[in-house]
Amino acid sequence: MIRFISFIFAVLFSFILIFATANAAYPVGEEAVIKAVKKVKPSVVSILTTFQSGKEGGGSGVVLTADGYILTNAHVVEKAKTIQVGLVSGKKFSAVIVGSAKHKDLAVIKVKANGLPVPPFGNSSKLELGQTAIAIGNPLKFQWSVTVGCISAMNRDIKTRGIMYRDLIQTDAAINPGSSGGALINLKGEIIGINTLVYTGNSEFKNAQGLSFAIPINNALETSKFLRKGEIQASPKPWIGISGITLTRETAENYDLPVKTGIIVNSVVGYGPAKKAGLEKGCIITEFNGQKVLSTDDFKALLNGCMAGQVIQLTIWKQNKRQKINVTVEHQTR
């Protein structure tokens with residue numbers, strides 16, 4: 001009797017297993033990717049541009065609001081004579097630039113539309129190495145292409161196109177020209193980054209692969225708040241009210257200074273945030289939020305990555321004493 005019952009259970013289990021397998025269209029991992037793509041794809045747009053020279057360009061964008069605000073990279077729409085936005089549905093709209101921050105390579109454009117599909121946005125500060133990353137965009141005009149990889153690294157700093165990119169997400173999900181401004185998403189179907197650039201190597205190491213980078217969505221959304229108000233490119237710039245010169249080793253040795261690298265503050269605006277924080281002429285700035293400052297270019301690049309209201313920590317030497325001060329960044333208005 002016991003053997004008979006065991007036999008019946010074995011047969012039933014086999015039928016259940018066969019039935020489940022037959023009805024599982026995709027493995028669990030693939031199903032999650034497919035669901036995530038279906039969720040976000042309608043919110044990713046194609047961008048076609050024309051320029052005064054007659055040349056054409058292209059890129060991608062992500063819907064910010066149902067009433068027509070779209071986030072993309074500044075280099076996608078910079079100097080464009082016309083901008084056309086396309087939806088997955090086939091609808092097309094003319095767009096105008098509302099705000100552009102070249103130093104952050106982000107721009108907000110606007111189309112006359114309502115009811116656009118707004119995607120869910122994730123939290124890029126909670127990313128983990130190795131988690132799945134999916135890129136959606138329009139590389140080389142192959143519209144709404146999907147590539148899958150993982151989060152390879154975070155907080156990458158890269159200088160290219162005359163821009164110092166800070167805190168980028170690195171992924172091996174393939175992106176190409178035209179992917180810029182598109183979405184990097186997680187398995188929940190949340191946007192975690194704006195695809196921005198691909199590194200192909202330098203003169204020594206050419207044809208590098210699997211090195212794609214995205215602006216973290218937290219940073220992009222924070223910047224978009226200002227861009228939607230029409231704040232453009234270099235006006236206004238992040239500002240703390242100082243000017244300085246690069247400290248050279250020779251200068252440090254000639255004047256017997258306590259440090260060999262940094263910038264020497266040579267003027268401080270009386271009403272500026274640096275003055276309020278205690279910075280004075282003659283102080284030496286050696287670190288910016290824990291990162292070494294080697295030149296005035298370094299300092300400008302780090303400051304340009306900040307927004308008004310952000311508190312930065314500077315490591316300084318003042319009267320031959322090392323100390324840390326907090327400075328609240330402002331936008332220059334005077």
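Predicted model, so just to flag it, every value in this text is computed and none were measured.
In this structure, Lys81 fails the cation-pi test against Phe51, since its NZ or CZ atom is not both closer than 6.0 Å to the six-membered ring centre and inside 45 degrees of the ring normal. Both tests pass for Lys229 against the ring of Phe226: distance under 6.0 Å to the centre and angle within 45° of the axis.
In this structure, the ring of Phe213 has its center no less than 6.0 angstrom from the ring center of Tyr165.
To the nearest 0.5 Å, the span separating CG on Asp298 from NZ on Lys159 amounts to 7.5 Å. Taking CD1 from Ile34 and CD from Glu31, the interatomic distance works out to 7.5 Å, rounded to the nearest 0.5 Å. Atom NZ of Lys141 and atom CG of Leu48 lie 6.0 Å apart (nearest 0.5 Å). Note: Thr315 OG1 to Ile284 CD1 = 12.5 Å, rounded to the nearest 0.5 Å. The OG1 atom of Thr286 lies 9.0 Å from the NZ atom of Lys324; values are rounded to the nearest 0.5 Å. The CZ atom of Arg156 lies 4.5 Å from the CD atom of Gln170; values are rounded to the nearest 0.5 Å.
Here the side chain of Asn326 pairs no donor or acceptor atom with the backbone of Ala277 at under 3.5 angstrom. At distances below 3.5 Å, not a single donor-acceptor pair connects side-chain atoms of Trp144 with backbone N or O atoms of Pro42. Checking side-chain atoms of Ser180 against main-chain N and O of Thr196 turns up a donor-acceptor pair under 3.5 Å. No side-chain donor-acceptor contact under 3.5 Å links Thr72 to the backbone of Gly61. The backbone N or O of Val311 lies less than 3.5 Å from no partner atom in the side chain of Thr328, so there is not a single donor-acceptor pair. With hydrogens and angles ignored, the 3.5 Å screen pairs no side-chain donor or acceptor of Ser145 with any backbone N or O of Pro139. The main-chain N or O of Leu247 is never found under 3.5 Å from a side-chain atom of Thr251 such that the two would form a donor-acceptor pair. The backbone N or O of Lys188 lies less than 3.5 Å from a partner atom in the side chain of Lys39, making a donor-acceptor pair. One N or O on the side chain of Asp105 and one on the backbone of Ala74 form a donor-acceptor pair closer than 3.5 Å.
Lys112 is not listed as a side-chain neighbour of Lys110, based on a closest heavy-atom distance of 4.5 Å or more. Between Asp172 and Leu211 there is no side-chain heavy-atom pair separated by less than 4.5 Å. Inter-residue side-chain proximity for Asp67 and Leu116 is flagged as unmet; no heavy-atom pair is nearer than 4.5 Å. Counting heavy atoms from C-beta outward, Val327 and Leu279 have side chains that stay 4.5 Å or more apart. In this structure, the side chains of Met154 and Glu128 stay at 4.5 Å or more apart for every pair of heavy atoms. In this structure, the side chains of Ile70 and Val62 stay at 4.5 Å or more apart for every pair of heavy atoms. Within the 4.5 Å cutoff, side-chain heavy atoms of Leu106 are placed close to those of Ile215. Side-chain contact between Thr132 and Asn186 is absent, with no heavy atoms from C-beta onward closer than 4.5 Å.
Donor-acceptor pairing under 3.5 Å is lacking for the side chains of Ser179 and Asn195. Inspection of the Ser267 and Ser243 side chains reveals an N or O donor paired with an N or O acceptor under 3.5 Å.
A salt bridge links Lys276 to Glu330: one of the charged nitrogens lies within less than 4.0 Å of a carboxylate oxygen. Checked for salt-bridge contact, Glu222 and Lys104 miss the test: no charged N lies under 4.0 Å from a carboxylate O.
The two residues Ala80 and Ile83 have their closest heavy-atom pair at CB-CG1, 3.9 Å. Summarising the geometry of Ala220 relative to Ile194, their closest heavy-atom pair is CB-CG1, 4.0 Å, with the distance given to 0.1 Å. Across all non-hydrogen atoms, the minimal contact from Asn138 to Gln143 is OD1-CA, 3.0 Å. Nearest heavy atoms, Pro238 versus His103: CD-NE2, 4.3 Å. Shortest non-hydrogen contact noted between Ile151 and Ala133 is CD1-CB, 3.8 Å. Closest non-hydrogen pair, Pro120 versus Gly189, comes out as CG-O, 3.0 Å.
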### Task
Tell me, with the steps shown, if Asn289 and Leu302 meet side-chain contact (heavy atoms from CB on, under 4.5 Å).
CA-CA 9 Å; Asn289 284 344; Leu302 288 164; over 6 Å; no
### Task
With side-chain contact (heavy atoms from CB on, under 4.5 Å) as the test, would you mind laying out the steps for Val77 and Ile109 before giving the verdict?
CA-CA 9 Å; Val77 294; Ile109 60 177; 4.2 Å; yes
### Message
With side chain to side chain donor-acceptor pair (under 3.5 Å) as the criterion, how do Thr50 and Thr82 come out once you've worked through the C-alpha distance, each side chain's angles and the decisive distance to 0.1 Å?
### Response
CA-CA 5 Å; Thr50 61; Thr82 66; 2.2 Å; yes
### Message
Under the criterion side-chain contact (heavy atoms from CB on, under 4.5 Å), I'd like the reasoning laid out for Ile242 against Phe299: C-alpha separation, chi angles, the key distance, then a yes or no.
### Response
CA-CA 11 Å; Ile242 66 167; Phe299 186 84; 3.9 Å; yes
### Task
Go through the steps for Cys306 and Trp239 under the test side-chain contact (heavy atoms from CB on, under 4.5 Å), then give the verdict.
CA-CA 9 Å; Cys306 299; Trp239 178 79; over 6 Å; no
### Task
For Asp297 and Ser295, run side chain to side chain donor-acceptor pair (under 3.5 Å): C-alpha distance rounded to whole Å, both residues' side-chain angles, the deciding distance at 0.1 Å, then the answer.
CA-CA 5 Å; Asp297 285 343; Ser295 66; 4.9 Å; no
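For the side chain to side chain contact (heavy atoms under 4.5 Å, CB included) with Phe121, the qualifying choice from Ile192, Ile185, Asn218, Ile217 is Ile217, the only one to do so.
Counting non-hydrogen atoms of other residues, nucleotides and ligands closer than 6.0 Å to NZ of Lys318 gives a total above 12. Counted within 6.0 Å of CD on Gln291, heavy atoms from surrounding residues, nucleotides or ligands total more than 12; the atom is thus considered enclosed. For Lys260, the NZ atom counts as densely surrounded, since its 6.0 Å shell holds more than 12 non-hydrogen atoms of other residues, nucleotides or ligands. More than 12 heavy atoms of other residues, nucleotides or ligands shown are found within 6.0 angstrom of CD on Glu253.
In the hydrophobic cluster analysis, where Ile, Leu, Val, Met, Phe, Trp and Tyr join through side-chain heavy atoms closer than 4.5 angstrom, Ile264 is grouped apart from Leu314. At a threshold of 4.5 Å between side-chain heavy atoms, the hydrophobic network of Ile, Leu, Val, Met, Phe, Trp and Tyr places Leu168 and Leu127 in two separate groups. Under the 4.5 Å side-chain heavy-atom criterion for ILVMFWY residues, a single connected hydrophobic cluster contains both Val118 and Leu71. Residue Val265 is not grouped with residue Val269 when hydrophobic side chains (ILVMFWY) are merged at heavy-atom distances under 4.5 angstrom, including chains of intermediate members. Taking hydrophobic clusters as Ile, Leu, Val, Met, Phe, Trp and Tyr residues chained together by side-chain heavy-atom distances below 4.5 Å, Ile191 shares a cluster with Leu87.
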